[in-house]
Amino acid sequence: MWKNIRQPLKFTAALAAGGAATTAGILYATRDTESSRTATKSSYSPPNFLLRHPLHAEAQGATTSEKDRQPNSLWTPPSRAEQINALKGLPKDAPAGAIGPGGEFDLIIVGGGATGSGCAVDASTRGLKVALVERDDFASGTSSRSTKLVHGGVRYLEKAFWELDYEQYKLVKEALHERGVFLNIAPYLSYQLPTMIPLYKWWKLPYYWAGCKAYDALAALSGDALSQSYFLSKRKALEAFPMLRQQDLVAALVYYDGAHNDARMNVALALTAVAHGAVVANHTEVIKLYKKQRKTFLGKFNLGSEEITGVRVRDNLTGEEYDVKAKGVINATGPFTDGVRKLDSGEHTPAIVAPSAGVHIVLPSYYSPRNMGLIDPATSDGRVIFFLPWQGSTIAGTTDSPTEVTPNPIPTESEITWILKEIESYLSSEIQVRRGDVMAAWSGIRPLVRDPHAKNTAALVRNHMLHVSPSGLLTIAGGKWTTYREMAQETIDKAIEVFDLKPTGPCNTEHVLLLGSHNWSKNQFIKLVQHFGLDTDVAQHLSTSYGDRAWAVATVANLTGERWPVRGKPLAVGYPYIQGEVRYAVQREYACTAVDVIARRTRLAFLNAQAALEALPTVIDIMAEELNWDQARKDKELAEAKEFLKFMGLKTFAEMAQADATSATPDINFSDKDDPTFYTRTHFTSSELEHYKTLFTSRDRDSDGQITSNDLSGILRTLGIRLTPVEMERVIGQVELNNSGHVEFLEFLEVLAAVKDVKRRSQMKQQGQWEGSTELSTERSGGGV
């Protein structure tokens, strides 16, 4: 185990001494025994820029020791400009826009999501010369829009049992093994999460108990033994998950799976690849494949008469185009797989991706316990819904429906409403599930794939698929986050074979810790509080988002000017993100746009679209300082970020007003100066509350805090509220009055809130929004992307 990090003040002093020259890499070894570390290091060529802190010993020709090889939490990766120059085949200090001969690599990986970044880590740790290009940003697609689970798949195990399907069983077993690896190599970004299965029929208990125990046993056989599943009585279940519906509940089971911060995990993978020598460039798009007459392996591996020799790429930030040479090209572009395949084989290339949209919504933290999730294994249409605590909020999802491939899929109102309707069925009647509680919503495209070599080309591949085109384009598609490492290993194994590459060692990614893991401990946040004067919540957030790199983030945190906390000016009210993270993201994590920061370096856009909107001016101002943006560029960033947030569930005032105006019957009137509350977290605006209080007081003739039922009816008529008998029955069903014939102010507000809710639901039903969209077969469900 690496030695614990020393006090951050020493590192800060070293940073000042080293300055910007601290762009050296690190040798990342494993955290096993000394012998396994030695074996790992000998399996690939270490980067040629080992760091002796604070001076670069090897660069000076000095002898390096084991101490020199310890990761430095203040390491700064090569800048994006230096990476671009490497792609061009130029010295790292060449001026911007310089024309180069084109860098030469063993592999060019197209796609910077989980699979592509995983491939870059695998190849670079085998000693191969690797370049990775991503047309948008790391995790900008599916890899940031998952269910956040690291799981084997309880539902898949159930199917394997009932269908006596050995292949399905193997998939679950392999995924459970990868789950264990996942949690070991990135311990600060991933964790085990207890998940409850509520039971409302006694006969289901032995069935689900046997399934949970089989899942535990299979995990143990796979070398991944998380905590064991257990039984909870009704009373204990309600203590653990007090939001649960009590009616008919008989007991519950709790099993364990993994969870993680997906976009941060993806960024850590990309940076780990850089630390091992890979050249990585985001916002860089492949626009052409170069080919020549094949001289080797003709007819082998399904190879034809031509072979790919390189690519032409475009820098989507500057518009500059240049060529990059490679022995092989890997297509790891997820839902956009067919687009790259068409560059290779023409526009008429048959599609192999069958895109499926999974919508998730984010609700306030009070919808779930802080440390326990819930699974509904049988929704109204047979699909599975997860209800999970994540980053201080609650995630609910997912839907599963056919879709079109688009860079920014948008969740429909009907899909959001379907999820709300489903979760309402297993939550306590005390919790009123409201559309306004949806703080963010997003849709991720899961790239289900067809094997073009299969006899039945319409059949979908169960897990992932490798395909080599006649010209040698190696495509990896399908799979899920949990198995990214295994997919990467298979892909690089195949690349070595097809492209005749010469690695210096075998795959060792089961043991390679990701950036930020080496010196991290669960108690690290305490020293961040003590040394830097950070708020405790902020320190915990930095520790679990950056690992031991949190020290570097803390060094650029702003002074607050307050007695406490000393450092860490907040980026958004109610969230632990600080302004220093923006600066750090630009300096050391290749953040190039405001969307990069609000969506994938921080997760604010995924947690609260409105809060992200409010943070944008601060984010853009900080980035402008770091990147020398002029006002035109700042305006462009603001406009593009606002547009992006629409795909994260942000509703404009105009849209909210229009939604209210489409109501077929009169509703509680909104003031022209106030936002409609359908899309907000409170039932009433401040002006409405004042108005209702005045109306209530005017009817409270005895000043005893109560009005009569007749008074209530009079107020409703004054407000112009007309309810059908069915709607009135629903209102009464939602409100528990004291049955004394009198109504207190709190009950009065409950009635008005129920009226709003009933009228909204009636409106949405008329518009067809309670009707579910066309779903795929439930066999494609199972949670996670």
Side-chain angles (χ1 to χ4, degrees), residues 104-135 273 278-280 285-286 288-292 294-313 324-346 349-353 447 449-454 461 463-479 483-503 506-507 509:
E104 297 186 16
F105 297 88
D106 292 321
L107 289 172
I108 293 175
I109 299 167
V110 186
T115 305
S117 298
C119 286
V121 172
D122 190 299
S124 60
T125 53
R126 298 198 207 194
L128 297 175
K129 190 176 181 182
V130 186
L132 179 148
V133 293
E134 160 60 47
R135 75 173 182 180
V279 174
V280 173
E285 182 176 3
V286 170
K288 183 179 181 180
L289 301 177
Y290 290 113
K291 301 178 184 179
K292 70 175 184 179
R294 181 176 298 280
K295 297 181 179 179
T296 59
F297 291 165
L298 187 62
K300 194 175 181 180
F301 308 118
N302 193 40
L303 296 175
S305 59
E306 291 185 318
E307 64 177 327
I308 296 175
T309 60
V311 300
R312 187 165 185 80
V313 300
V324 188
K325 305 167 188 173
K327 298 175 183 176
V329 175
I330 294 175
N331 174 16
T333 52
F336 306 98
T337 292
D338 289 323
V340 177
R341 293 178 68 244
K342 288 178 180 180
L343 290 178
D344 175 40
S345 305
T349 304
I352 64 172
V353 173
V449 291
R450 306 178 182 92
D451 186 348
H453 291 154
V461 175
N463 192 8
H464 59 269
M465 180 202 71
L466 279 171
H467 175 256
V468 182
S469 75
S471 63
L473 179 66
L474 175 54
T475 295
I476 172 68
T483 56
Y484 86 89
R485 192 209 62 82
E486 179 189 28
M487 294 165 61
Q489 179 177 346
E490 291 182 20
T491 303
I492 301 306
D493 284 345
K494 191 69 173 178
I496 291 170
E497 181 182 25
V498 173
F499 305 133
D500 194 27
L501 305 179
K502 307 299 181 185
C507 174
T509 50

task = Please report the closest heavy-atom contact between Asp338 and Ala351, naming both atoms and the distance.
result = OD2-CB, 3.3 Å
query = Short question: side chain of Thr483, backbone of Gly479 - any donor-acceptor pair under 3.5 Å?
reply = no
query = Do Arg294 side-chain atoms and Glu306 backbone N/O form a donor-acceptor pair below 3.5 Å?
reply = yes
inquiry  = Looking at Phe105, I'd like to know if the NZ or CZ of Lys129 sits under 6.0 Å from its six-membered ring centre while staying within 45 degrees of the ring's axis.
reply    = yes
request  = Decide yes or no for Val340 and Val286: does some side-chain heavy atom of the first lie under 4.5 Å from some side-chain heavy atom of the second?
outcome  = no
Closest approach of Ser469 to Leu303 (non-hydrogen atoms, all atoms of both residues) = O-CD2, 3.7 Å
inquiry  = Give me the atom names and distance for the closest heavy-atom approach of Ala123 to Ile492.
reply    = CB-CD1, 3.9 Å
Donor + acceptor pair across side chains of His464, Glu490 (<3.5 Å) = yes
inquiry  = Using the side chain to side chain contact (heavy atoms under 4.5 Å, CB included) definition, which of the options Leu132, Ile109, Leu474 pairs with Cys119?
reply    = Ile109
key: Arg341 charged N/C atom sitting above Phe336 aromatic ring, 6.0 Å / 45°   = no
key: Inter-residue atom distance Lys300.NZ - Glu497.CD, 0.5 Å rounding   = 7.0 Å
request  = Indicate the atoms forming the closest heavy-atom contact of Ile330 with Ala495, along with that distance.
outcome  = CD1-CB, 4.3 Å
query = Could you give the distance from CD1 (Ile308) to CG (Asp344), rounded to the nearest 0.5 Å?
reply = 4.5 Å
ask   = CG/Leu466 to CE/Met487 distance, rounded to the nearest 0.5 angstrom?
value = 8.0 Å
inquiry  = I'd like to know if the side chain of Ser117 reaches the main chain of Ala114, judged simply by a donor and an acceptor atom lying under 3.5 Å from each other, with no hydrogens or angles considered.
reply    = no
message = Can you tell whether the side chains of Arg126 and Asp122 come within less than 4.0 Å, N to carboxylate O?
response = yes
message = With side chain to side chain contact (heavy atoms under 4.5 Å, CB included) as the test, pick out the partner of Tyr290 among Thr309, Val324, Val329.
response = Thr309
Smallest separation among heavy atoms of Pro503 and Ile496, with atom names = CG-CD1, 3.6 Å
inquiry  = Test your reading of the model: is there a side-chain donor-acceptor pair from Ser345 to the backbone of Lys342, 3.5 Å cut-off?
reply    = no
query = Given Glu307 and Ser471, is the side chain to side chain contact (heavy atoms under 4.5 Å, CB included) satisfied, shown in steps?
reply = CA-CA 4 Å; Glu307 64 177 327; Ser471 63; 6.0 Å; no
task = Check the side chains of Arg485 and Thr509 for a donor-acceptor pair under 3.5 angstrom, ignoring hydrogens and angles.
result = yes
query = After noting the C-alpha distance and the side-chain angles of Arg135 and Val313, does the key distance pass the side chain to side chain contact (heavy atoms under 4.5 Å, CB included) rule?
reply = CA-CA 9 Å; Arg135 75 173 182 180; Val313 300; over 6 Å; no
query = Shortest non-hydrogen contact from Phe499 to Lys327?
reply = CD2-O, 3.7 Å
ask   = Any Lys/Arg nitrogen of Asp106 or Lys502 sitting under 4.0 Å from an Asp/Glu carboxylate oxygen of the other?
value = no
Test side chain to side chain contact (heavy atoms under 4.5 Å, CB included) applied to Val468 and Leu473, step by step = CA-CA 6 Å; Val468 182; Leu473 179 66; over 6 Å; no
Derivation and outcome, side chain to side chain contact (heavy atoms under 4.5 Å, CB included), residues Thr337 and Asn331 = CA-CA 7 Å; Thr337 292; Asn331 174 16; 3.6 Å; yes
ask   = Roughly how far apart are Leu289 CG and Leu343 CG, rounded to 0.5 Å?
value = 5.0 Å
